[in-house]
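Some notes on the structure that comes next.
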2 protein chains.
Amino acid sequence: MATLTTVTVPVPRSDKGEATRAAIATAAQALFLERGYDKTTMRAVAERAGVSLGNAYYYFGSKEHLIQAFYDRIQVEHTAAAEAALAHETTFAGRLRGTLTAWVDVAEPYHHFAGKFFKVAAEPASPLSPFSPESAPAREASVALMARVVDGADLKVPATVRGELPELLWLAQMGVVLFWVHDSSEGRRRTRQLVDRAVPLVDRLVRLTRLPGVRGAADDIVALVRSLRA
Amino acid sequence: MATLTTVTVPVPRSDKGEATRAAIATAAQALFLERGYDKTTMRAVAERAGVSLGNAYYYFGSKEHLIQAFYDRIQVEHTAAAEAALAHETTFAGRLRGTLTAWVDVAEPYHHFAGKFFKVAAEPASPLSPFSPESAPAREASVALMARVVDGADLKVPATVRGELPELLWLAQMGVVLFWVHDSSEGRRRTRQLVDRAVPLVDRLVRLTRLPGVRGAADDIVALVRSLRA
DNA sequence: CCCCTCCTTTGAACGCGTTCAACTTGGTGG
DNA sequence: CCACCAAGTTGAACGCGTTCAAAGGAGGGG
């Protein structure tokens, strides 16, 4: 259940195992896309992968574990798509907007079962929680991407703020994801609108931190975030 | 599944039905508290309530629906507990802190299965989502509570900001809940710390909106929030 | 060539959420 | 008093996630 012990990772120990594992993951992703999460049964996944039901469980501890692959996949695709935007954007707002929009683009094919995604990810004990140790690699990659957004930009802000900015922007991105999950407009029109409208605002807020009166508050926010990370 | 049609509400149509429904809800809450959500079976709930399995489903569309009762319960208890704090707090910070701390107090007994709560609530299609129409009453009650926090306080801010403040504070409370769900410290020490540290900050930020340079940004935030509500 | 060990694979079996067709009950109009 | 109808109630049956004891291989010592 919700034990705190390290999860037994059913990682393959040989080439043969690796192939089987990959076959199962591939079958799962295909079926999830075709029918959605609920209508995809473990039996169907096993059958398409050409293995027995029990064997699927040898490699993936649960049906939910099959979702992790999407996580990683989106993360990788997002980084690639964002790079394209970052290559020709020099302003902070432009870079942030490009990066967030890239995410919306990349994630679109998965939106129809993103709710299930999210549901699973929301459970604190789940390895799929964005805050979990298991998600650390993907999370750090996302934070690193936000660091690139900041680094290549024309941004003049206090060092304290700048240091925490990537992580704060990642949090903002989680907010966008939250909105996106609930967004049923075609092509995620409303999420794109949110990004378009929120980015200039974030840009403005970040720059405001140079104001004497605001800077103190900003430093407090940074201190608070730091204290929470522990 | 995720239809957009109105959910058939299995509300009791007679006194007899009402009693049965209440018995089931009571049994479920007791069992959830005793054993947690996962280990409580629908069969056990039905048995304790003295009804058949199928009958439980006549009143509650799914096991998850049994959770809604907790939602309402916490909301009611929270309002009562917050009133106590609001009765003798006159500053905005004091009132906000008292209200948020009251929530942490009230919710504590349910923390050990709050993850399941949250998991269910996170799914957009779920009636338990805090953004769903079904949750509107509880949500509105919470926003109203925040309105009371603001109204009784010594707060001088632009009218635009003040108008949206209750809803924004409710959102902030959702943030606290998110943190709380992930908080495994004893007595939710860390969540309390978060409240204690974040409240003065919020207080300060809200008051900053009177600064000429900040006010414009604040108005934009308000406009953004308004545009998203649609 | 055999046996031992460890990884891998199997499918039957289990538990639980959920559905449903049939049955009971209680009240109402004739 | 009866027939009728809707509300309420029942438990068997179904589907699916998950578990597990047992069986297959594959390599390596003896």
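Letters A, B, ... are given to chains in the order of the sequence lines, protein chains preceding strands, and every chain is numbered from 1. On a predicted model such as this, the values are computed, not experimentally measured, just so you know.
Each of B/Gly50 and A/Lys63 was matched to the nucleotide of DNA chain D holding its nearest heavy atom; the match closer to the 5' end belongs to B/Gly50. Toward the 5′ end of DNA chain C lies the nearest nucleotide of A/Leu53, the other residue of the pair B/Ser62 and A/Leu53 mapping further downstream.
Atoms CG (A/Asn55) and P (D/dC20) sit 17 Å apart, rounded to a whole Å. In this entry the distance linking CE of B/Met42 with P of D/dG15 reads 20 Å, nearest Å. Distance, A/Glu18 CD to C/dT9 P: 12 Å, rounded to whole Å. Look at NZ on A/Lys39: it is 18 Å from C1' on D/dG17, rounded to the nearest Å. Remark: P of D/dG17 and NZ of A/Lys116 are 12 Å apart, rounded to the nearest angstrom. A straight line from CZ of A/Phe60 to P of C/dT9 spans 12 Å, rounded to a whole angstrom. When rounded to the nearest whole Å, the span between CG of A/Leu31 and P of D/dC16 equals 13 Å. Put simply, OH on B/Tyr57 is 17 Å from P on D/dC14, counting in whole angstrom units.
A close approach under 4.0 Å does occur between a side-chain nitrogen or oxygen of B/Thr20 and OP1 or OP2 of D/dT9. For A/Tyr58, a side-chain nitrogen or oxygen approaches OP1 or OP2 of C/dT8 to under 4.0 Å.
Checking B/Ser142 against B/Gln173 by side-chain atom types alone, no donor-acceptor pair falls below 3.5 Å.
Between the side chain of A/Arg43 and the base of D/dG17, at least one donor-acceptor pair of N or O atoms lies under 3.5 Å.
Checked against A/Ser227 for a side chain to side chain donor-acceptor pair (under 3.5 Å), the options B/Arg190, B/Gln193, B/Arg197 give a single hit: B/Arg197.
Residue B/Glu47 places its CD atom among 12 or fewer non-hydrogen atoms of other residues, nucleotides or ligands, all under 6.0 Å distant. More than 12 non-hydrogen atoms from other residues, nucleotides or ligands lie less than 6.0 angstrom from CZ of A/Arg192.
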